[in-house]
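Since the structure is predicted, the reported quantities are computational estimates derived from the model, not experimental observations. All heavy atoms count here, side chains included; hydrogens, waters and symmetry mates do not. Every chain is numbered from 1 and lettered A, B, ... according to where its sequence line falls, protein lines coming before strand lines.
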Protein chains: 2
Amino acid sequence: MTERVAASSGRSGRRKRPTMLDVAREAGVALRTVSRVVNEDPTVGAHLASRVQAAITALGYAPDERAQQLRRGTSGTVGAAVRNLADAHPVLSAVDHAAREAGLAVLAMSTEDDEHREREAVMSMCRRRVDGIVIEPIGTSHDYLSGELAAGLPLVAVDRPTGGVEADAVLSDNAAGIGMAYRQLALHGHRRIGYIGDDERIFTGRERAAAFRACVAASGGPLDGMTHPGVFSPARISAALTAVLTGPAPATALITGNVETTIEVLRHLGADAGRVALVGFDDFPLADILRPGLTVVAQNSAVIGRTAIDLLVARSADPARPVQTVTVPVELIPRGSGELPPPD
Amino acid sequence: MTERVAASSGRSGRRKRPTMLDVAREAGVALRTVSRVVNEDPTVGAHLASRVQAAITALGYAPDERAQQLRRGTSGTVGAAVRNLADAHPVLSAVDHAAREAGLAVLAMSTEDDEHREREAVMSMCRRRVDGIVIEPIGTSHDYLSGELAAGLPLVAVDRPTGGVEADAVLSDNAAGIGMAYRQLALHGHRRIGYIGDDERIFTGRERAAAFRACVAASGGPLDGMTHPGVFSPARISAALTAVLTGPAPATALITGNVETTIEVLRHLGADAGRVALVGFDDFPLADILRPGLTVVAQNSAVIGRTAIDLLVARSADPARPVQTVTVPVELIPRGSGELPPPD
DNA sequence: ATGAAAGCGCTAACAT
DNA sequence: ATGTTAGCGCTTTCAT
């Protein structure tokens, strides 16, 4: 590594952080009075209040939230265990906003698509006594949470349901989305439509592949060689793409079951991107600056995030309420790639 | 909203969460012994240890981290105040990994490019008594942190320096990056090179615009009408683009000063993307699937994140050490758009 | 309107 | 090797 380093003068040593008691002494009042001022209790005399405020700013005092939470018995925080913080993540964004409106802080942790990490993240949230958890499940079994659930932990799954335990969930309407994609391609003259998507051991992979097969059956199109689920590595996507686009009766249009597949397909298509019609499941930033623009089935992340927090808050208020699964509509966004005609 | 809702049977009411004392009673040992087992103290007899473990799993006990932190006086957590959680954020990812390796959890909060929100997020982290903060500064003044800094809070700025207070920083080599971009375009025959970038009130905008002017001066190219800093809205980017690409002596190549500008320029260029050479500052996912592929100056996010955590840990260990600014090299990634020849 | 004291769940001296 | 006890910094009865 060849970083350049510039150094400068040091910084004074560590001073002890002021506590509420320090403030009380500085202001010459009782501890309780400082607590009252900090919590904006109106029953403090104006004179004392201002003296306490002065002491607070003089000392640079900020209350220790851990101690507050410990004493209050609530954390005012919801955990969000999502697959990735680094990728585009509109659901997390929506959760963040909705939680803030509900007066809750968000503790976001990434699961990195790893079952073990997911469990680690969720347990860490439990140890921090979050008031609820929004999870984008990776693992297939979440019964390590059954104790917490019995203890009243509000848990809401987004995108996929939890496994092994009953929990509220917010899902996209996968079947309807695949239907929209298929109809759009059929509408533009395609008869041989292919599908490349996720492993069917994954919930969304299963739902979307099943919906695709149903569409083909309903429209009387050919299924043979057109369905390629269980595809996740770039190499296998490349192979599936070759298989579906070559041979005696190649597909003229393609539906991709998730963003990763969509992007990998675009990467392999390269210059040929304009020669095969394509609809991707799930929108992503920049899909509109591709040429041709990418037609997608977009999930409504804003509504998903909002709903997740709503369910969380509702269960907090009433732990005994019935478990709910909310299905959120999806939307087809035509941008060109899905409207390409078949080669004549 | 037309969500479909499916309801199911309820869930048992809230049971009290077990404490360490409950475990001690269940196992018939003293509180201290449970604490020893939880903290893997080897001085516990094998017999008692297993009895305690059994009680822990039977009760589904998980220690309250807030109480641990309160008592230990350390939180084992670093805060990361970044501009956006929802956007691609490789630095956050790198911080996450490096922190984990150092045995630290990460509390990530987004500042949403808002000075007020930034302050809110940072203060919230302070109230949670994080052991240090990595910040991607938005605000121009951070002297509200001077008290915390004096109290020994390790603070590391990434991408831009903090304002008004001395803190460690990890910056990209903006000047070198602009130099690489300029030379690449010059090498491919361009004489009239334009620049569209951030406001010069922003640190990176200032550094990059200055470096661009220096490049033009050094190479004897024309500066007139070629420099467009202070551009941030889509409308203004569009205007700047028109200005730089039209007139009697239009630019044949362009350098864009940040991702937002790059993407907006691509959006406006549309079908003409292949007719003007372009180098963008900062890489982004999918830049390689554009046609032509986008040539970029890439920041080394992995090194930036790592270095930030290294500086944080170093200052934790020695609060009096000199303040450091580390400059991380950038890299030119040629993908086609920067290698286009000038027309004719 | 203000204060004294108990205790949230845990760790760490200090016994034994 | 195991138990007793005093707090960490705060909120909250309960007095005054």
Side-chain angles (χ1 to χ4, degrees), chain A residues 14-53 55-56 59-77 124 126-131 148 151, chain B residues 14-53 55-56 59-77 124 126-131 148 151:
Chain A
R14 189 176 308 228
R15 232 175 33 210
K16 191 188 154 297
R17 211 180 275 276
T19 86
M20 193 172 262
L21 190 61
D22 296 326
V23 176
R25 276 199 276 260
E26 171 86 9
V29 298
L31 181 63
R32 182 68 180 92
T33 305
V34 180
S35 175
R36 281 203 175 91
V37 171
V38 166
N39 294 291
E40 292 168 338
D41 185 321
T43 74
V44 266
H47 184 60
L48 279 199
S50 66
R51 231 169 58 200
V52 170
Q53 275 299 358
I56 286 176
L59 269 56
Y61 170 77
D64 188 324
E65 220 167 84
R66 301 167 301 180
Q68 291 181 314
Q69 291 178 11
L70 189 58
R71 190 55 242 254
R72 288 195 184 125
T74 177
S75 66
T77 305
S124 158
C126 289
R127 285 193 300 270
R128 283 168 194 241
R129 300 295 187 265
V130 294
D131 293 337
E148 303 285 344
Chain B
R14 189 175 309 229
R15 230 175 35 211
K16 190 189 156 293
R17 210 181 276 274
T19 86
M20 194 171 263
L21 190 62
D22 296 325
V23 176
R25 275 198 277 260
E26 172 85 8
V29 298
L31 180 63
R32 184 68 181 91
T33 303
V34 179
S35 173
R36 283 203 173 92
V37 171
V38 166
N39 295 291
E40 292 167 339
D41 186 319
T43 74
V44 266
H47 185 61
L48 280 198
S50 66
R51 230 168 61 200
V52 170
Q53 274 299 359
I56 286 176
L59 269 56
Y61 170 76
D64 188 323
E65 220 167 84
R66 301 167 301 180
Q68 290 181 315
Q69 290 177 12
L70 190 58
R71 189 55 243 252
R72 288 196 184 127
T74 177
S75 67
T77 304
S124 159
C126 289
R127 286 192 301 269
R128 283 167 194 243
R129 300 295 188 264
V130 293
D131 293 336
E148 304 285 344

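- Exactly one residue among V38(B), T33(B), N39(B) makes a side-chain contact (heavy atoms from CB on, under 4.5 Å) with S35(B). That residue is N39(B).
- Looking at residues two or more places apart in sequence or on another chain, you find a salt bridge (charged side-chain N to carboxylate O under 4.0 Å, His left out) between R36(A) and D41(A).
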Quick tally for nucleotides 2-12 of chain D: nucleotides whose base has a protein heavy atom under 4.0 Å get B, sugar-phosphate-only ones S, the rest -, giving BBB-BBBBBBB
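- Ion pairing of R17(A) with D64(A) is absent here, as no side-chain N (NZ or NE/NH1/NH2) approaches a carboxylate O to less than 4.0 Å.
- Among all heavy-atom pairs drawn from G28(A) and R51(A), the shortest one is O-NH2, 3.6 Å.
- To the nearest angstrom, C1' of dG7(C) lies 17 Å from CD of Q69(A).
- With sequence neighbours excluded, the residues that form a salt bridge (charged side-chain N to carboxylate O under 4.0 Å, His left out) with E65(B) are R127(A), R128(A).
- A straight line from CZ of R128(A) to P of dC8(C) spans 23 Å, rounded to a whole angstrom.
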